[in-house]
Undergrad: 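Could you have a look at this structure, given as structure tokens, before my questions?
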Amino acid sequence: MRRVLVANRGEIAVRIIRACHEEGIEAVAVYSEVDRLSPHVRAADAAVGIGPAAPAESYLHIERLLDAARRTGADAVHPGYGFLAERAEFADAVERAGLVFVGPPPAAIRAMGEKTAARERMAKAGVAVVPGTTEPVPDAAAAVRAAQTIGYPVMLKAVAGGGGRGMREAGSAHDLTTLFRQASSEAKSAFGDGSLYLEKLIERPRHVEVQILADRHGRTLHLGERECSVQRRHQKLIEESPSPAVSPELRRQMGEAAVRAARAAGYVSAGTVEFLLAPSGEFYFLEMNTRIQVEHPVTEMVYGVDLVREQLRIASGEPMSLRSEVLEPRGHAIECRITSEDPFQGFVPSTGRIEFLRPPAGPGVRWESGIEMGTDVGLFYDPLLAKLIVWGDHRDGAIRRMERALNELVIVGVQTSQPFHRRVLGESEFRSGRYDIGYLERVGSRLLEPAIDSAELELAAVAVALAEDEARQVPASSRSLQPAAGQPSYWLRAARLDGLR
Ligand code: MV4
């Protein structure tokens, strides 16, 4: 592989381009009309415009992407996450065009795409799935019959689903009958397929996922878990590795299950097996994500690996670079997703120009960003602006380091999730590590009272006082070219005043 087309944008495109360059591979960026000046475009060795801002006309347009690859002589395509990453027909089209798809075989994407078929395959492979139906339930009456065996409460899920759409909890036959129609029509409009199946509802679970890597030389191994329970409406906001809820023994069991799952799907490349972890310690297969994930850096930091580099090696047919069969996590990593959303207004998307940006830095800090000063943030794409990832030798140290890094971060021009992250990190349930998927719903409204915290207020008061003082010392009428003896120059004072403002 000598030249990879990166069929994506934003922080993940930049991340992939960096990995290509470290491997001595050239990277070709693609961009929509609004992304012409975006950081991923300048990071690449070549860039091709692929159409208007609307994703269907650019980042989702298979023919335009393949054409860009052909015109630039790329020999491989990396899809990143989102957009076309989990569309088997895209992987097929890439391979038909004689290019390497940097991801799993199309058959593995298909095997995991249909939820009831995936459940059946996993159960056969000896991976625990949530008790429920392995076939779709044709109507509400059939759902009620199935629920009698499973026992209430149950959960209706979309066969074509994912991301919580077409999903409903039912506590009784009466609820189930009403909710069946709702869930089915939601699934129909979201996925074009209204089929539903049933599972036992797992109460107060955590969302824990296991990273796997598989190469074409028969090796499949796991790189521990990521804790992803801090989420709001199925949007993850903070992830960490290791999970505070996973002991070395549980890690071994979940890791083994994830490896069995990957093998049963004929999996190659980096992938993630999602589990629900019940308070009892039992865990159940949920689904498999056949892509590199947003939160992959927390795994990279505690396992000392570069997952995108491994994807590139595996795609080119080489064995993965990792030597040992059993890897151990070292220390603790946390990721905060910095999105252009206003946490004080129910996370409504925020738009505007990034007028000023000071990324955090220093020991143990990683900043994965798709923005820079001057970037215009619009509404066409995902609101993820950047990810802030920190490493520490234990969880408390990582939390303190994240607080320090969040305090260094300055983004002016759009509202972001930054103040929300500060508050979660200071909240006692998060700090204890004993949270589950219901956490944000429980604490969210309390955390998001739009009060200025006392540290911010104090800082603002000091800045105003200093600015006033500076202004009084330089009355416009008495300006001379030379400052008084012992006083800083007017240029310096003007600059300070500007800074204070
Ligand atoms: C569940 C569940 C409880 N019991 N299944 C949500 C998205 C989809 N991929 C699976 N989901 C869930 N399935 C049973 N049987 C709770 C959820 C769930 C959830 C899972 C992971 C992360 C966040 C979640 C938020 C709400 C519900």
Side-chain angles (χ1 to χ4, degrees), residues 81-82 86 112-120 122-123 127-134 136-137 143 146-147 149-171 175-176 179-180 182-183 186-187 190-191 193 195-210 225-241 243-246 254 258 261 271-291 293-295 335 337 347 424 430 435-444:
Y81 55 68
E86 294 184 275
M112 290 302 180
E114 212 210 283
K115 304 305 164 193
T116 40
R119 269 166 63 77
E120 204 168 348
M122 291 305 115
V127 180
V129 298
V130 187
T133 68
T134 45
V137 281
T149 321
I150 299 166
Y152 289 96
V154 293
M155 195 160 216
L156 279 166
K157 292 189 176 184
V159 171
R165 277 184 299 180
M167 213 173 75
R168 292 289 187 284
E169 294 179 22
D175 290 356
L176 185 56
L179 294 169
F180 189 92
Q182 277 182 29
E186 192 175 302
F191 311 112
D193 176 1
S195 336
L196 302 175
Y197 67 103
L198 266 187
E199 283 182 4
K200 174 97 188 143
L201 177 78
I202 308 296
E203 292 178 85
R204 289 199 155 226
R206 303 174 72 119
H207 178 186
V208 177
E209 58 185 33
V210 176
E225 78 285 357
R226 293 184 288 259
E227 169 67 67
C228 303
S229 299
V230 181
Q231 53 83 42
R232 183 184 173 274
R233 300 189 187 166
H234 307 292
Q235 283 287 102
K236 296 169 186 167
L237 283 152
I238 300 177
E239 303 95 347
E240 51 183 320
S241 184
S243 165
V246 173
M254 294 183 83
T272 297
V273 183
E274 289 186 7
F275 294 101
L276 283 179
L277 175 60
S280 64
E282 282 167 301
F283 61 89
Y284 306 95
F285 171 85
L286 260 190
E287 49 193 82
M288 181 164 185
N289 301 321
T290 56
R291 59 170 191 269
Q293 287 192 252
V294 174
E295 60 272 30
E335 172 178 278
R337 296 189 186 196
F347 286 86
V424 173
F430 178 80
Y435 58 83
D436 58 63
I437 62 167
Y439 169 66
L440 279 190
E441 225 169 298
R442 289 194 296 275
V443 303

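Note that the structure is predicted; figures quoted are calculated from it, not measured. Both ligands and their constituent atoms are indexed starting at 1 by order of listing. In what follows, every heavy atom counts, from backbone to side chain, and hydrogens, waters and symmetry copies are set aside.
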Undergrad: List the protein residues in contact with ligand 1, where contact means a heavy-atom separation under 4.0 angstrom.
TA: V130, M155, K157, G164, M167, E199, K200, L201, I202, H207, Q231, H234, L276, L286, E287, I437
Undergrad: Charged N to carboxylate O under 4.0 angstrom, R291 versus E86?
TA: yes
Undergrad: Partners of E240 by side-chain hydrogen bond (donor to acceptor under 3.5 Å, both in side chains), sequence neighbours excluded?
TA: H332, R395, Y435
Undergrad: Under the side-chain hydrogen bond (donor to acceptor under 3.5 Å, both in side chains) test, which residues partner R442, sequence neighbours left out?
TA: E429, D436
Undergrad: Give me each pair satisfying salt bridge (charged side-chain N to carboxylate O under 4.0 Å, His left out) with a member in residues 150-169, each pair once, sequence neighbours excluded.
TA: K157-E199, R168-E186
Undergrad: When you compare the side chain of E114 with that of V159, does any pair of heavy atoms fall below 4.5 Å?
TA: yes
Undergrad: Checking side-chain polar atoms at under 3.5 Å, does T272 have a donor or acceptor matched by the opposite partner on Q293?
TA: yes
